Visitor: 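Next up is a structure, given as structure tokens.
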Amino acid sequence: MKIGTDNQPIGKVVWIDRSKLKANDYNPNRQFGPEHELLKRSIIEDGWTQPLVVHAGTRVIIDGEHRWKASDDPRIREMTGSLVPVVFVEASRSHAQYSTIRHNRARGQHGVRPMGDIVVELIKAGKSVKDIKIQLGMETEEIARLAESRGLPVLIGEDRELAKARIPKKWTPYSKRKSVIAEKAKKTKAEP
Amino acid sequence: MADLFKTLPYDVWTAAKYRVRVAYETYDNVVVSFSGGKDSTAALQATIATAKELRRLPVEVHFYDEEAIPPETVEYVERVRKLPEVCLKWFCLPLKARNACSATSPDWYPFHPDEKDIWVRPLPANVITKHPDFRMGMEIAYFSALMLAKRAESTALVMGIRMQESITRLRAIQHKSDSERAFFSPSDKHKNVVKCYPVYDWLADDIWTAPQRFGWDYNKAYDVMQKSGLSIVSQRCSPAFGEQPIRGLHRYATCWPDLWERMIHRVPGAATAARYANTELYTGFGAKESDVSWKAKFEIGFARLTPDSRDEVRDAIRKVISIHNNYTPDVMPDHEPHPETSMCWRKLYKIVLAGGNKFGRQEQKATKDILNHRIKLEEGGK
């Protein structure tokens with residue numbers, strides 16, 4: 001166990017050029033497009049808030065591979081001149097594997113109900129569906145269902161354009177319509 | 001289920017071959033409707049074996065490609081297509097498919113020509129992309145029967161449907177057929193097409209035993225699912241975005257991450273359904289106590305549906321409420337089932353959540369619930 005604030009890795013964050021680090025060969029965590037975009041947004045808007053965990057000898061990333069990948073985005077490169085925050089740790093391969101999985105798995109899951117409450121609060125605070133979609137990497141469907149579960153209708157119109165106008169395929173122009181109606185009336189009268 | 005059937009002195013493989021033989025003897029053509037799944041593999045093998053005995057090879061096989069399918073399924077169907085015993089027609093038509101992920105886009109169209117840039121996979125080589133009988137808006141079941149009905153001869157369409165898979169299927173087999181020929185289900189619309197279920201009585205264990213016993217080739221997607229720790233029951237190769245299948249949508253992310261990366265962008269709601277399909281957001285249950293009334297949720301969900309879906313829901317709700325009103329003058333309770341009819345807005349909300357063309361079934365479930373409840377009440381009264 002590491003005792004005392006002086007002995008915590010977080011106290012020794014250093015800035016390293018991203019090109020000096022490399023990904024490990026076992027990371028089981030796969031990040032999909034929408035989440036990766038969300039991660040970039042998080043770094044761009046909130047800045048670097050957490051260091052990557054890196055093996056001191058090999059410079060292989062133990063935790064933070066996706067942040068490291070995101071740091072290749074020109075917008076994020078520009079923030080720090082391609083430097084990323086790193087804490088170095090000593091670890092055997094097995095320990096590094098434990099460490100990778102623990103960093104990923106030890107984070108809990110979001111409850112449906114509290115997520116619904118947050119979405120409702122955001123909407124009531126005047127945030128648009130479009131804004132929430134971008135900020136949280138959600139689809140309209142997710143926002144609408146979460147809000148619905150807490151009794152708040154989401155305005156459908158907010159992220160869609162108006163549909164094209166339509167007219168019936170069989171269409172009698174108004175000028176002709178009067179005569180058509182008159183003809184129909186004649187026919188019905190003619191029948192006994 | 002056991003008391004509804006009698007046990008025969010021979011095994012399901014012998015029975016399946018016998019059933020296909022009857023199909024060959026009774027109808028001009030036999031066509032296998034093949035999905036690449038384990039059930040349709042058994043149906044296909046039974047048909048090949050029988051055709052061999054009757055010297056009726058090759059077997060005509062129809063495969064409807066639903067685009068969002070694992071690479072192993074594609075490879076397996078390719079192998080089947082190369083079998084000398086088989087003449088396989090590979091359809092890649094934009095047949096209307098269900099998207100249960102979304103309330104606002106209840107349908108999607110695999111390989112729709114206008115959506116080429118978001119297809120999850122490229123069009124395979126040598127497939128059928130145009131057909132004179134195809135019209136936009138047709139579904140697989142409708143099109144496949146229509147196409148066969150246009151032929152001058154009669155056709156038995158062999159399908160790998162098993163009654164163990166669902167009660168609805170069991171009912172379909174019970175009601176639509178006489179006891180002698182439980183394995184045929186005549187089409188309502190077309191006189192010259194019947195569906196044939198040679199493996200209807202196979203159990204899940206039989207489906208897994210037979211390929212090993214007889215050394216059949218099979219879809220290696222099952223191996224991938226097995227490795228990822230899915231139980232045998234949840235290993236399915238079904239259309240990805242359907243009502244029941246979305247409950248296992250998350251498995252695509254674990255088993256086929258590259259495919260899933262494209263599927264997220266293929267239909268609206270895919271990512272949402274993968275995350276929430278088994279929660280109250282899609283099932284309507286789980287949250288028993290709620291400070292929000294179910295009627296309010298119903299109305300919000302209803303407003304979000306497409307106009308067509310809204311019409312379907314409106315009809316369904318009217319029917320259920322009118323039955324409710326036959327038994328009681330009380331208004332529909334919100335959360336607690338009404339003592340006379342067992343109905344409440346919480347149950348009706350499910351009809352909205354089902355979101356789309358499956359409303360009929362949801363309504364049938366609700367009306368059946370009421371009837372069963374009445375039967376219980378009356379029996380209890382005696």
Side-chain angles (χ1 to χ4, degrees), chain A residues 27-39 65-66 69 101 104-105 108-121 123-124 129-130 132-134 136-164 166, chain B residues 99-106 228 246 250 252-265 267-307 349 352-353 355:
Chain A
N27 192 5
N29 187 303
R30 161 116 187 204
Q31 195 166 51
F32 295 99
E35 280 85 29
H36 196 62
E37 286 309 308
L38 190 64
L39 177 62
E65 182 181 328
H66 301 304
K69 280 183 180 154
I101 292 166
N104 279 320
R105 278 175 70 152
Q109 284 181 349
H110 291 189
V112 176
R113 173 93 34 116
M115 279 297 282
D117 285 334
I118 293 177
V119 165
V120 167
E121 195 180 323
I123 293 169
K124 285 189 174 159
V129 171
K130 208 172 175 182
I132 300 170
K133 268 168 83 168
I134 297 167
L136 297 181
M138 287 180 173
E139 297 179 289
T140 312
E141 188 74 30
E142 182 169 0
I143 297 167
R145 281 191 194 252
L146 283 169
E148 179 181 316
S149 77
R150 308 305 298 130
L152 184 76
V154 166
L155 294 175
I156 302 163
E158 254 193 288
D159 68 331
R160 81 179 267 279
E161 296 293 315
L162 292 176
K164 293 278 179 287
R166 287 175 296 181
Chain B
N99 176 27
C101 305
S102 166
T104 49
S105 319
S228 78
I246 59 166
H250 54 86
Y252 284 89
T254 36
C255 297
W256 301 282
D258 295 326
L259 178 68
W260 177 243
E261 185 74 80
R262 308 238 352 127
M263 283 170 67
I264 300 173
H265 305 287
V267 299
T272 307
R275 202 186 289 271
Y276 299 104
N278 298 305
T279 74
E280 58 176 294
L281 297 197
Y282 280 85
T283 63
F285 285 95
K288 282 220 162 179
E289 288 153 45
S290 174
D291 45 338
V292 180
S293 82
W294 293 96
K295 190 162 186 246
K297 290 189 194 183
F298 179 94
E299 279 159 3
I300 297 165
F302 181 76
R304 221 158 58 80
L305 297 171
T306 62
Y349 180 49
V352 162
L353 279 177

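As the structure is a prediction and not an experimental result, all values here were calculated from the model. Within every chain, numbering begins at 1; the chains are lettered A, B, ... in the order of the sequence lines, protein sequences first and strands thereafter.
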Visitor: Sort Ala270(B) into side chain, backbone, both or neither according to what part of it lies under 4.5 angstrom from a heavy atom of chain A.
Guide: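 The backbone, not the side chain.
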Visitor: Looking at every heavy atom in both Arg150(A) and Val120(A), which two are closest together, and how far apart are they?
Guide: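 Closest heavy-atom pair between Arg150(A) and Val120(A): CB-CG2, 3.6 Å.
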Visitor: Walk me through whether Tyr276(B) and Glu141(A) qualify under side-chain hydrogen bond (donor to acceptor under 3.5 Å, both in side chains).
Guide: CA-CA 11 Å; Tyr276(B) 299 104; Glu141(A) 188 74 30; over 6 Å; no
Visitor: For the interface with chain A, which of Gly269(B), Ala296(B), Pro268(B) has the highest count of heavy-atom pairs at distances below 4.5 Å?
Guide: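 Most heavy-atom pairs under 4.5 Å with chain A: Gly269(B).
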Visitor: Thr272(B): which residues meet the side-chain hydrogen bond (donor to acceptor under 3.5 Å, both in side chains) condition with it, sequence neighbours left out?
Guide: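 Once residues adjacent in sequence are excluded, the partners of Thr272(B) under the side-chain hydrogen bond (donor to acceptor under 3.5 Å, both in side chains) criterion are Glu139(A).
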Visitor: Report which part of Arg30(A) has an atom under 4.5 Å of a heavy atom belonging to chain B: side chain, backbone, both, or neither.
Guide: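 Interface part for Arg30(A): side chain.
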Visitor: Is chain B contacted by the side chain of Ile143(A), its backbone, both, or neither, given a heavy-atom distance below 4.5 Å?
Guide: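 Looking at Ile143(A), nothing touches chain B.
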Visitor: Considering residues, nucleotides and ligands other than Glu121(A), do more than 12 of their heavy atoms fall under 6.0 Å from its CD?
Guide: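 Atom CD in Glu121(A) is not packed in, count stays at 12 or less.
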Visitor: By a 4.5 Å heavy-atom criterion (distance strictly below it), what part of Gln109(A) contacts chain B: side chain, backbone, both, or neither?
Guide: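 The answer is neither part of Gln109(A).
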Visitor: May I have the step-by-step check of side-chain contact (heavy atoms from CB on, under 4.5 Å) for Leu353(B) and Thr283(B), ending in yes or no?
Guide: CA-CA 7 Å; Leu353(B) 279 177; Thr283(B) 63; 6.0 Å; no
